[in-house]
Structure formats: structure tokens, C-alpha cells
Amino acid sequence: MLHELIMTRGIAADKLGIHCHNTYGQALANIYTALQMGVGTVDSSVSGLGGCPYAPGARGNVATEDVLFMLDGMGIETGVDMDKLLEASLYISDYLGRVPQSNAANAILAKKKREQAESGNK
């Protein structure tokens with residue numbers, strides 16, 4: 001679809017944004033492709049909140065934590081503080097009675113917990 005808009009219809013990629021649900025775990029791959037095509041605006045939601053009425057049981061929107069982790073790995077500066085984002089993710093997830101719906105958030109939080117436990121044992 002992006003190829004159609006950019007190459008065939010002549011819409012400037014920097015005028016487009018992308019909004020991905022992570023229904024089949026493909027959101028980051030789609031976002032990466034869009035970025036490579038020049039799209040510079042990406043929608044996401046803390047802890048993957050949201051959903052899709054057309055895909056019952058879908059996990060929801062792509063998690064901001066996962067997008068930020070990918071962008072950081074690509075060397076793209078966002079100005080977003082991951083630690084503050086993780087605080088927000090934990091807050092809303094605790095409020096909703098669930099774990100964060102973000103692979104990056106869960107991995108980072110597990111690593112921090114392990115490091116805290118190890119530093120307490122020394």
C-alpha cells in the first residue's frame with residue numbers, strides 16, 4: 001500500500017504516517033519498512049493499549065516501548081526517555097491488572113530486576 005501511495009500516486013513519504021496494530025506480531029516489521037521508505041511519523045501506544053474491533057483477541061496497537069527500542073537501535077533520536085516511558089507503562093498496566101504488552105518493556109524490566117537483585121547480593 002505504501003509503495004502504491006508513494007511510487008504510483010506520487011504522495012511524498014514524509015507527508016505520510018503509519019498506524020499499526022500488532023495482531024500477528026508484524027507491526028515492527030511494517031514500521032521498519034515504512035521508515036525505510038521515508039515515512040517519518042509512527043503512531044504507537046503505551047503498553048500496546050487499544051485494540052481492533054475487526055480482530056477479536058488481537059493484542060492491540062504496537063507498543064511505544066517496542067517502537068522506541070527499535071528506533072534507538074537504528075540510531076534514530078526521538079527525545080523519548082525510555083525509563084519514564086516504562087514508568088507510564090507499569091502504571092497503566094498495574095491499573096488495568098495486566099503485564100505490559102511490550103516485549104521490550106518486559107525484557108528491560110526483567111533485566112533491571114535481575115541487576116537490582118545481583119547488586120543486593122554483593
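Computed from a predicted structure; not experimentally measured.
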Output yes when a side-chain donor or acceptor of S89 lies under 3.5 Å from a complementary backbone atom of L85, and no otherwise. no
Exam field: side chain S47 to backbone L49, donor-acceptor pair closer than 3.5 Å: no
Passes side-chain contact (heavy atoms from CB on, under 4.5 Å), I6 versus I11? Steps please. CA-CA 5 Å; I6 296 167; I11 298 174; 5.6 Å; no
Inspect the surroundings of CZ in R9 and state if more than 12 heavy atoms from other residues, nucleotides or ligands are less than 6.0 Å away. no
Donor-acceptor pair, T64 side chain versus S45 backbone, under 3.5 Å? yes
Value rounded to 0.5 Å, distance of CD in E77 from CG in L71: 10.0 Å
Kindly indicate, with the supporting measurements, whether the criterion side-chain contact (heavy atoms from CB on, under 4.5 Å) is fulfilled by V67 and I31. CA-CA 8 Å; V67 174; I31 292 167; 3.8 Å; yes
Does N61 use its side chain to pair, donor to acceptor, with the backbone of G48 at less than 3.5 Å? no
Whether the side chain of N106 engages the backbone of P100 through a donor-acceptor N/O pair (distance < 3.5 Å, no angle test) should be reported. yes
Give the cluster check for L90 versus V80: same hydrophobic cluster or not, with ILVMFWY residues linked at side-chain heavy-atom distances below 4.5 Å. yes
Do the side chain of Q101 and the main chain of V99 share a donor and acceptor less than 3.5 angstrom apart? yes
Looking only at atom types and distance, does a side-chain atom of T8 sit under 3.5 Å from a main-chain N or O of L5, one as donor and one as acceptor? no
Quick one, V62 with H19, criterion side-chain contact (heavy atoms from CB on, under 4.5 Å). Give me CA distance, side-chain angles, the key distance, then yes/no. CA-CA 8 Å; V62 65; H19 174 96; over 6 Å; no
Tell me if the CE atom of M1 is crowded by more than 12 foreign heavy atoms within 6.0 Å. no
